[in-house]
Amino acid sequence: MHLADLETPQLVLDRTRLDRNIERLRTRLAPFGVTLRPHVKTNKSADVTRRLGGPDAPITVSTLKEAEYFLEHGWRDILYAVGIVPSKLPHVEKLIRRGARLTVILDNEETAQAVAAYAKDHALSLPVLIEIDTDGHRSGVPPEDDMLLRIGAHLRAAPGANAWLAGVLTHAGESYNCRSHEAIVACAEQERAGAVRAAERLRADGHAAPVVSVGSTPTAHFAESLDGVTEVRAGVYVFFDLVMHGIGVCAVEDIALSVLCTVIGHQREKGWLITDAGWMAMSRDRGTAKQPVDQGYGLVCDEAGRLMTDLVMIDANQEHGILRHRNDPAATPMLPVGTMLRIVPNHACATGAQFGAYTVVAGGTEVEATWPRFSGWA
Ligand SMILES: Cc1ncc(COP(=O)(O)O)c(C=O)c1O
């Protein structure tokens with residue numbers, strides 16, 4: 001079967017690029033002697049995650065549904081990297097009783113107390129990482145804040161049938177706003193130094209805190225030192241996207257994900273091509289809008305994945321996409337109705353989430369597999 005045989009829109013995954021991207025980060029991190037704990041929220045697929053190392057490899061998830069799905073598919077060493085809340089603890093317990101080595105994260109005393117009480121009452125061995133804020137991006141405790149030690153005091157220092165402090169975690173989310181290679185290097189160093197400092201403070205306070213977990217795709221690719229770090233997390237690196245391209249982490253030709261669509265009409269006087277892939281297919285993500293080059297809803301490739309210079313998806317309705325030449329409407333090629341095109345997305349995680357499966361190709365247009373993926377929370 002070929003892409004031309006499919007009804008559109010479809011989510012196309014180029015396995016050749018996927019494998020190259022996976023190998024790139026693996027090779028990059030090898031000399032640092034750290035564990036890579038991929039974030040599988042980007043792919044939400046056992047077929048993709050198997051290529052990252054298989055069920056023996058550690059993974060990071062962003063929902064308990066992901067934890068559940070990957071446990072069912074054989075993964076056990078799972079870090080749930082969104083702050084835990086007490087109402088989710090029965091679900092966490094269920095997963096641990098079913099064999100998951102699940103670690104949770106938190107950044108406040110109330111939750112630490114609730115987690116400690118729950119684990120004690122249920123004789124549950126529950127490893128906890130304290131989330132550290134190294135760049136003001138989102139959640140976490142600043143490394144120098146004494147709250148860090150107060151949270152630590154609610155947790156046991158060693159493993160056992162209780163909640164125990166396994167270490168610290170940080171995510172350099174501000175790296176997505178970097179505008180140069182040097183800025184990403186600096187961001188990576190800030191991420192590393194803040195996380196290591198927090199772990200050292202906890203150790204000086206009597207905790208073993210063996211785990212120092214850092215990561216984002218930009219900092220994982222540009223960190224020059226990982227001294228004191230034990231594991232690196234990254235998610236979007238497997239697919240890459242236009243946001244990553246916009247900050248210089250990858251080339252457009254590295255992006256493994258695209259949305260296959262069909263030209264359904266034209267507005268010739270406006271220089272528009274209309275397609276059947278709107279924001280429902282691409283997602284509403286306009287992550288490149290604040291970057292130096294705004295890529296609209298995505299860049300346009302032909303059916304075989306070859307970039308069509310300056311053809312951009314400039315706007316989207318629910319099930320309609322509007323394509324036009326970036327600067328000159330008269331230069332838009334008026335491709336006939338029925339032409340198949342592929343749109344490269346701004347944000348791979350968001351676009352992937354619109355679909356229930358990957359249509360897998362290996363560089364060309366022949367379909368070699370269909371890999372299911374899941375979404376939602378319940
Ligand atoms: C806690 C955490 N770790 C790691 C990542 C991976 O980041 P990226 O997708 O840039 O690789 C994310 C992404 O949002 C995250 O929230």
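Counting from 1, the numbers follow the sequence of the chain as shown. As the structure lists them, so they are numbered: ligands from 1, and atoms in each ligand from 1.
- A distance-only check finds a donor-acceptor pair linking the side chain of Arg201 to the backbone of Pro143 [under 3.5 Å].
- For the residue pair Gln354 and Ser283, no side-chain donor N or O sits within less than 3.5 Å of a side-chain acceptor on the partner.
- Aromatic rings from Tyr80 and His91 are positioned such that their centres are separated by 6.0 Å or more.
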Give one line per pair: atom of ligand 1, protein atom, distance. Only N/O to N/O under 3.5 Å.
unit_1	atom_1	unit_2	atom_2	d
ligand 1	3 (N)	Arg233	NE	3.0
ligand 1	3 (N)	Arg233	NH2	3.0
ligand 1	7 (O)	Tyr176	OH	3.1
ligand 1	9 (O)	Val236	N	3.2
ligand 1	10 (O)	Tyr176	OH	2.4
ligand 1	10 (O)	Thr217	N	2.9
ligand 1	11 (O)	Thr217	N	3.0
ligand 1	11 (O)	Thr217	OG1	2.5
ligand 1	11 (O)	Gly235	N	2.5
ligand 1	11 (O)	Val236	N	3.4
ligand 1	14 (O)	Lys41	NZ	3.3
ligand 1	16 (O)	Arg138	NH2	2.9

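- Note on Asp315 versus Arg324: no salt bridge recorded, every NZ/NE/NH1/NH2 to OD/OE distance being 4.0 Å or above.
- Classification of Arg286 and Asp294 as a salt-bridged pair holds, one side-chain N sitting under 4.0 Å from a carboxylate O.
- A donor-acceptor contact shorter than 3.5 Å is absent between the side chain of Tyr176 and the backbone of Ser216.
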